[in-house]
Amino acid sequence: MDVLVGLGGSDESIKTLRQTIDRTQAVGDDLTVAILEKPEAKRSQDEMYEQADTLLTEADINAELVRLEGDPGSALVDYTEQGEFDQLVIGGGTLSPMGKIQLGPITEFVLLNSPTTVKLVR
Amino acid sequence: MYDEFDPSDRAQGIPPTGEERIRDWLETIAEESVNVIARHDGAVIAHATLVPDVDEPAAIEERNEIEWELAIFVLQEYQRAGIGTQLLEHLLGHASDVGIERVWLTVERWNNPAIALYERVGFEATGSESFEQEMAIVLEGEDGDGNG
């Protein structure tokens with residue numbers, strides 16, 4: 001399966017990438033990793049790129065690593081439309097102090113606009 | 001009470017189902033939280049809570065310096081009877097008495113009965129960029145010192 005994972009630079013992004021790597025190793029998917037431009041994120045785009053590169057190298061996965069500029073939601077959906085991906089993977093929300101799952105505006109945009117199946121990682 | 005909770009009334013993943021998961025969840029929100037319950041014939045039928053929005057609840061020094069997340073749960077057969085409104089009025093009144101000033105919550109955007117309830121007790125929408133509507137209220141202390 002051709003899988004694209006979109007990462008914004010939060011701790012959630014790291015968890016999403018780790019799970020996707022595990023899945024890729026288990027089933028032999030073709031993986032593309034897109035690093036989004038999200039200035040408010042904990043990690044800058046460069047930091048996220050470096051960290052993703054490290055995690056992929058450690059896992060010995062030969063994935064394509066790309067940087068997407070501009071609004072993260074629409075950049076990711078555009079990129080998905082241009083490729084032939086079977087699945088788009090993104091983080092599946094953060095937990096509030098109460099334990100409520102909260103999905104951000106990027107997640108909502110991607111869910112509503114993605115041309116392909118979207119997987120939310122918890 | 002949460003064992004009786006109708007899973008279709010769950011919001012944003014809470015309350016969880018199954019006694020063990022319910023106990024785990026209540027334990028994580030119990031520390032330093034402020035709670036009000038309603039009973040009918042002795043059995044708990046509704047619960048409203050304020051959970052401190054901090055990493056270490058034990059280290060809270062001044063309640064007015066932090067934000068508190070609110071949630072309320074009313075068992076399905078006791079809904080639409082004004083219990084939620086009364087519970088929230090008591091919870092927010094008590095919160096104000098113990099020095100809490102800033103309270104926020106999120107609610108699923110399509111959950112109109114809940115949004116109406118929150119508006120009734122004074123919450124105002126603060127942002128709606130995604131599936132959840134965020135709302136907040138500033139409580140004024142009894143002495144009305146205007147710090148809010």
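Order of the sequence lines fixes the chain letters, A, B, ..., with proteins taken first and strands second; residue numbering starts at 1 for each chain. If you're wondering where the values come from, they're calculated on a predicted model, not measured in any experiment.
- The part of A:Leu111 that comes within reach of chain B is its side chain, from C-beta onward, which places non-hydrogen atoms under 4.5 angstrom from that chain.
- Shown here is A:Arg43, whose CZ atom has more than 12 heavy atoms of other residues, nucleotides or ligands within 6.0 Å.
- Neither B:Ile100 nor B:Trp104 shares a network with the other; the hydrophobic side chains, linked directly or stepwise wherever heavy atoms of I, L, V, M, F, W or Y lie under 4.5 Å apart, form separate groups for each.
- Of all non-hydrogen atoms in A:Pro97 and B:Pro52, the two that sit nearest each other are CB-O, 3.9 Å.
- Atom CD of A:Glu84 sits in a sparse spot, with 12 or fewer heavy atoms from other residues, nucleotides or ligands closer than 6.0 Å.
- Each of B:Glu132, B:Gln12, B:Glu69 was checked for a side chain to side chain contact (heavy atoms under 4.5 Å, CB included) with A:Ser96, and the lone residue meeting it is B:Glu69.
- Using a 4.5 Å cut-off on side-chain heavy atoms (C-beta onward), B:Thr106 and A:Met98 make no contact.
- With contacts defined as side-chain heavy-atom distances shorter than 4.5 Å, the pair A:Gln102/B:Glu134 does not qualify.
- Interface remark: B:Thr28 contributes no atoms to any contact with chain A (heavy atom separation under 4.5 Å).
- When heavy atoms are compared at a cutoff of 4.5 Å, B:Leu70 approaches chain A solely by way of its backbone atoms N, CA, C and O.
- For CD of A:Glu40, the number of neighbouring non-hydrogen atoms (other residues, nucleotides, ligands) closer than 6.0 Å is greater than 12.
- Using a 4.0 Å cut-off between charged side-chain N and carboxylate O, A:Lys100 and B:Glu108 make no salt bridge.
- Residue A:Arg67 qualifies as enclosed at atom CZ: its count of foreign heavy atoms under 6.0 Å is above 12.
- Of the two parts of B:Thr49, the backbone and the side chain both hold a non-hydrogen atom closer than 4.5 Å to a non-hydrogen atom of chain A.
- The CZ atom of B:Phe131 sits 8.0 Å away from the OG1 atom of A:Thr107 when rounded to the nearest 0.5 Å.
- By the 6.0 Å contact criterion, CZ on B:Arg10 is enclosed, its count of non-hydrogen atoms from other residues, nucleotides or ligands being greater than 12.
- Annotation for A:Asn62: atom CG does not count as buried by contact number, only 12 or fewer foreign heavy atoms lying within 6.0 Å.
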